[in-house]
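As a basis for the values below, the full set of heavy atoms in this structure was taken, side chains included, without hydrogen atoms, waters or symmetry mates.
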Amino acid sequence: MPELPEVETIARSLRQPADLPFSDSTDLKTRPGVVNRVVSNVEINWHRSIAFPDWAAFSKGLQNRKIVNVSRRAKYLLFELDHNWMLIHLRMSGDIRVEPRISSLNLPHDRVILNFQDDARMVFNDTRKFGRLWLLEDPLQVLSKLGPEPFLPELTPEGFFESLNNRKRAIKPLLLDQAFIAGLGNIYTDEALHIAGIHPLQKAASINREQAGVLLQAIRSVLQEGIRRNGASIDWVYRGGDFQNYFSVYQRSGEPCPVCGVKIERIVVSQRGTHFCPNCQKHQCD
């Protein structure tokens, strides 16, 4: 599932100049964007992709709307329109293409298509049908329950420690909780915990001030590197990044830890496959 770096990369690609030529390049930086394009009409092939309002009102509400900007909050794509906002959450298998309207490519899982008044269209493709779109007057109608962005300056090491100190949950599922901190998923949580030397089952309240500061820096570092490398491409859903070539632990069970050489192990934490080094990330007594 696309996480913060992948969604950030997609948002940046959609902000590219609309007049870039269409190409088959996997480099998202060379693909045309959607800013300043005006929606002509909307095709909805799977009505349940629309979370709010109903599909008919969604389609009508987008007609003749100009896309002013594209940004990201957590794992959401935010499309600022000249009136209202459109939000997209890609969930497990969502993907977005910008292509010529005359393209004969109509994939079987194209759920929502925004046809623009020029020669382009934006296609939301979603194999597993979990992705959702919203048309809202205020994005906070959906985003208000999210936790802080990892790069937020107000998120200080001391504040992060105090937040951890109040939680009895294991650190891995806590970091995956979007109400605690926004944008982290399985990949970047495993990588950050390895950098910080913290076992994924360590209770959050047992992490001391020094460890909390190291963990916060590790989270920021691994997310920055993921963004720099345009995210990780590990399946058919997201393409264009190469951070998967630099994983330390994620999906590397049985391989040597790049720090100490001990074999990476895989366990299941809160129904999520979790990778860690048993030597670098010893489970401390709670």
Picking from Glu3, Lys172, Glu191, what satisfies side chain to side chain donor-acceptor pair (under 3.5 Å) with Asn186?
Lys172
Answer yes or no: is there an ion pair linking Arg121 with Glu99, defined by an N-O contact shorter than 4.0 Å?
yes
Tell me if the NE2 atom of His83 is crowded by more than 12 foreign heavy atoms within 6.0 Å.
no
Assign the ring pair Phe243 / Phe247 to parallel, tilted or perpendicular, where the plane angle (0 to 90°) is split at 30° and 60°.
perpendicular
Side-chain donor-acceptor pair under 3.5 Å between Asp95 and Asn125, yes or no?
no
Within-4.5 Å side-chain heavy-atom neighbours: Tyr250 and Gln244
no
Salt-bridge contact Arg91-Asp126 (side-chain N to carboxylate O under 4.0 Å)
no
Can you give me the closest heavy-atom contact between Ser40 and Gln63, atom names plus distance?
O-CG, 3.8 Å
Co-membership, hydrophobic cluster, residues Trp85 and Leu62, 4.5 Å side-chain
no
Show the nearest heavy-atom pair for residues Ala212 and Phe160, with the distance to one decimal.
O-CD2, 3.4 Å
Whether His199 and His283 hold their rings parallel, tilted or perpendicular, with breakpoints at 30° and 60°:
parallel
Please answer: with hydrophobic residues joined when any side-chain heavy atoms are less than 4.5 Å apart, are Phe116 and Ile96 in the same cluster?
yes
Are Leu215 and Ile187 connected in a single hydrophobic cluster, I mean Ile/Leu/Val/Met/Phe/Trp/Tyr linked by side-chain heavy atoms less than 4.5 Å apart?
yes
Mark yes when over 12 heavy atoms from residues, nucleotides or ligands other than Arg220 sit less than 6.0 Å from its CZ; otherwise mark no.
yes
Straight-line distance of Ile207 CD1 to Ser163 OG, nearest 0.5 Å:
12.0 Å
Is there a donor-acceptor contact under 3.5 Å linking the side chains of Gln178 and Tyr76?
no
Do Ile88 and Met122 come close enough that some side-chain heavy atom pair is under 4.5 Å?
yes
Search all heavy atoms of Leu133 against all heavy atoms of Met86 and return the closest pair with its distance.
CD2-SD, 4.3 Å
Is the shortest heavy-atom distance from the side chain of Val38 to the side chain of Asp82 under 4.5 Å?
no
Between NE2 of His194 and CD of Gln281, what distance do you get to the nearest 0.5 Å?
5.5 Å
